[in-house]
Asks: 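Pasting a structure below so you can have a look.
Both backbone and side-chain heavy atoms feed into the values below; hydrogens, waters and symmetry mates do not. Counting starts at 1 for both ligands and their atoms, following the listed order.
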Amino acid sequence: MTAGRRGPVLLQDHYLHEKLAHFNRERIPERVVHAKGTGAFGIFKVTGDITKYTRAKLFSTVGNECRVFVRFSTVGGEKGSADTERDPRGFAVKFYTEDGNWDMVGNNTPVFFIKDAKKFPDFIHTQKRDPKTNLKSANMIWDYWSLNPESLHQVMILFSDRGTPDGYRYMNGYGSHTFSMVNSKNEKVWVKFHFKTLQGNKTLSGTRAEEMKGKDPDYSQRDLVRAIEKGDSPKWALKIQVMTDEEAKKFKWNPFDLTKIWPHKEYPLIEAGIMELNEIPANYFSDVEQAAFAPSHTVDGIGLSPDKMLQGRILAYPDAHRYRLGANYEQIPVNRPVKPVHNYQRDGMMRVDGNSGDSPNYFPNSFDNIEADKDYREPAFPIDADMADTYYRNENEDDHYSQPAALVGQVMTQKEREATIFNIVESMKGVCGPKKDEIIKRQLSHFEKMDSDFAKKVTEGLKS
Ligand code: HEM
């Protein structure tokens, strides 16, 4: 509304105010990690009987199904960054089970760089931008890895061509941590989750991935949307590894150490189900940007473990969601379980679901006759310590080398090994400045402890 055809705009034009003011508020904070991502809905179907391990209702019968929402992502880049960066890929699955939401917030790698939650912010700072130059920094990256040798296993995976998967359909997903399952007899086992791609594993070479960053920064998003829209629904088989508590006590490594795998020969994969993604959300912001996954979202029969990184994540995710989406983030449709949740939490910003009306807002009370169902109680577990202290995780768990050595020496083919060396050399060539020699020498010493031939080839590559 203007004062005449050519005159200024009137203050009373509140439609204009609404439009411009809302536009100013369109962005919400991007995720502090895993900002660039792609999401899809689908179906999970139970195909294997694992009831002897879990009483989770989802797994109660072969053939049982539930809807899922999956968000794939890269880790270090911003929301507009390129999809083919060398980076782990997030593999977050929300199972909308009849007993509430179960989130498996994993990666495409079975291990991680560190095993102590306190190190996570420092580690992520090294993967993001230098505080002064605002550039990604090979110095920060290799300085940190060389000072934290427990990262070596994940570094080997990252610099193999698995570090640049060919989109999201051709990669596996892993819960990575050790979780637990409890059966109807209240017996508990330790569990690892694996999603095996049924499309087969496909990766990009380092050179091709670099090229695609420029040619199509949204390479993985485009690939997933195109495949699903033409009816080519990608599928993954969910498998579990199971370890009893007795086995855990005798295991060669700490079974709750996120930098280690459980060898498949000793702990074979057990079939549990098939996941199929068949629907791209109608609105990206609504479902993908507002999705809130949390490892604390478990259901009866599936639980946590003493893995110290996992324990840290139990705090981090709901806290991140309250900051990014607000205290009532669980009510956003994509985050809502299929059966409504009734609790005594009330009010807060953006409480848009009726706020539980006139029902009591305290517990216990004399009006709603609600009692806690003891069947849902998690079994008590023993704690093998009577002393709290600051324990450094690498102090008496310093075998950072034998699993990566097995990976490069026995699992990788000659070609994969060469690609890994090439990719490492390309990245380490970026280390510069007064600390260059110190950082490179320290990292080479870790390669040397892992595999001297590998170390030699990286050394030669850095000289050429
Ligand atoms: C103590 C260690 C860790 C901390 C503190 C941490 C923290 C976070 C935070 C704050 C977010 C953003 C959440 C949001 O705003 O929605 C996030 C996202 C994510 N993290 Fe972690 N993280 C840790 C380790 C891990 C590990 C070990 C994995 C995989 C095994 C992982 C997988 C993911 C995934 C997949 C996402 C993206 C979820 C989505 O798609 O929305 N994180 N993490």
Asks: Flag the pair Lys57 and Asp99 as a salt bridge only when some basic side-chain nitrogen lies within less than 4.0 angstrom of an acidic carboxylate oxygen.
Replies: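 Judged by the 4.0 Å cut-off on N to carboxylate O distance, Lys57 and Asp99 do form a salt bridge.
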Asks: For residues 104-111, dump all side-chain donor-acceptor pairs below 3.5 Å to protein atoms at least two apart in sequence or in another chain.
Replies:
from	atom 1	to	atom 2	distance (Å)
Asn108	OD1	Arg89	N	2.8
Thr109	OG1	Val111	O	3.0
Thr109	OG1	Gln154	OE1	3.4
Thr109	OG1	Gln154	NE2	3.1

Asks: Please list the nearest protein heavy atom to atom 35 (C) of ligand 1 with its residue and the distance rounded to 0.1 Å.
Replies: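 I find the closest protein heavy atom is Gly106 O, 3.2 Å.
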Asks: At under 4.0 Å between heavy atoms, is it the side chain or the backbone of Leu258 that contacts ligand 1, or both, or neither?
Replies: side chain
Asks: Look at atom 15 (O) of ligand 1 and say which protein heavy atom is nearest, naming residue and atom and giving the distance to 0.1 Å.
Replies: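 Among all protein heavy atoms, the one nearest atom 15 (O) of ligand 1 is Arg324 NE, 2.9 Å.
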Asks: Heavy atoms only: which of Arg313, Gln311, Gln290 lies closest to atom 26 (C) of ligand 1?
Replies: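 Going through Arg313, Gln311, Gln290 one by one, Arg313 has the nearest heavy atom to atom 26 (C) of ligand 1.
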Asks: Report yes if the distance between the aromatic ring centroids of Phe251 and Trp253 is under 6.0 Å, otherwise no.
Replies: yes
Asks: What atoms of ligand 1 come closer than 4.0 angstrom to any heavy atom of Val33?
Replies: 8 (C), 9 (C), 11 (C), 17 (C), 18 (C), 43 (N)
Asks: Taking 4.0 angstrom as the limit, do Asp300 and Arg55 come out as a salt bridge?
Replies: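 Salt bridge between Asp300 and Arg55, a charged N being under 4.0 Å from a carboxylate O: yes.
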Asks: Hey, does Tyr174 come in under 3.5 Å of ligand 1, counting only N/O atoms on both sides?
Replies: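 No, since none of the N or O atoms of Tyr174 sits under 3.5 Å from an N or O of ligand 1.
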Asks: If you count the non-hydrogen atoms of other residues, nucleotides and ligands that lie under 6.0 Å from CD in Glu98, is the total more than 12?
Replies: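 Enclosed.
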Asks: Under 6.0 Å between ring centres: does that hold for Phe193 and Tyr174?
Replies: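 No: the rings miss the under 6.0 Å criterion.
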Asks: Can you spot which of Phe195, Tyr170, Phe72 makes a ring pair (Phe, Tyr, Trp, His ring centres under 6.0 Å) with Trp236?
Replies: Phe72
Asks: Would you mind checking if Lys260 and Asp257 are paired as a salt bridge, meaning a charged N to carboxylate O distance below 4.0 Å?
Replies: yes
Asks: If we count only N and O atoms by modelled type, under 3.5 Å, do the side chains of Thr133 and Asp130 hold a donor and an acceptor together?
Replies: yes
Asks: Out of Arg31, Lys115, His34, His321, who gets a non-hydrogen atom closest to atom 19 (C) of ligand 1?
Replies: His34
Asks: Can you report which non-hydrogen protein atom sits closest to atom 5 (C) of ligand 1, along with the distance?
Replies: Phe120 CD2, 3.4 Å
Asks: Within a distance under 4.0 Å of any heavy atom of Phe112, pick out the atoms of ligand 1 and give their elements.
Replies: 27 (C)
Asks: Which ligand 1 atoms, with their elements, are less than 4.0 angstrom from a heavy-atom of Val32?
Replies: 10 (C)
Asks: Measure Phe91 to ligand 1 on non-hydrogen atoms and call it side chain, backbone, both or neither using the 4.0 Å cut-off.
Replies: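 Under 4.0 Å from ligand 1, Phe91 contributes backbone atoms alone.
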Asks: Show me which atoms of ligand 1 lie under 4.0 Å from any heavy atom of His177.
Replies: 27 (C)
Asks: With the threshold set at under 4.0 angstrom, would you say Ala320 reaches ligand 1 through any of its heavy atoms?
Replies: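 Judged by the 4.0 Å heavy-atom criterion, Ala320 does count as contacting ligand 1.
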Asks: Can you tell me the protein heavy atom closest to atom 21 (Fe) of ligand 1 and the distance?
Replies: Tyr317 OH, 1.7 Å
Asks: Assert yes or no for the condition that the ring centre distance of Trp102 to Tyr96 is strictly below 6.0 Å.
Replies: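 Trp102 vs Tyr96: aromatic centres not under 6.0 Å.
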Asks: How close does the nearest protein non-hydrogen atom get to atom 39 (C) of ligand 1, and which residue and atom is it?
Replies: Arg71 NH1, 3.1 Å
Asks: Within the structure, does Asn107 bring an N/O atom to less than 3.5 angstrom of an N/O atom in ligand 1?
Replies: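 Such a contact does not occur with ligand 1.
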Asks: Which of the numbered atoms in ligand 1 are below 4.0 angstrom from a heavy atom of Phe293?
Replies: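 So the answer, numbered in order with elements, is 39 (C), 40 (O), 41 (O).
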Asks: Distance under 4.0 Å to a non-hydrogen atom of Ala316: what atoms of ligand 1 satisfy this?
Replies: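 Near Ala316, the atoms of ligand 1 are 5 (C).
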Asks: Take Asp103 and Arg71 through the salt bridge (charged side-chain N to carboxylate O under 4.0 Å, His left out) test and state the conclusion after the steps.
Replies: CA-CA 11 Å; Asp103 290 356; Arg71 184 173 177 271; over 6 Å; no
Asks: Against heavy atoms of Ala117, which atoms of ligand 1 measure under 4.0 Å?
Replies: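 Result: 1 (C).
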Asks: Mind checking whether Ser176 has an N or O less than 3.5 Å away from an N or O of ligand 1?
Replies: no
Asks: Taking Asn423's backbone N and O only, do any of them form a donor-acceptor pair with Ser427's side chain (distance below 3.5 Å, no angle check)?
Replies: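 No; judged by distance alone, with no hydrogens or angles, the pair does not exist.
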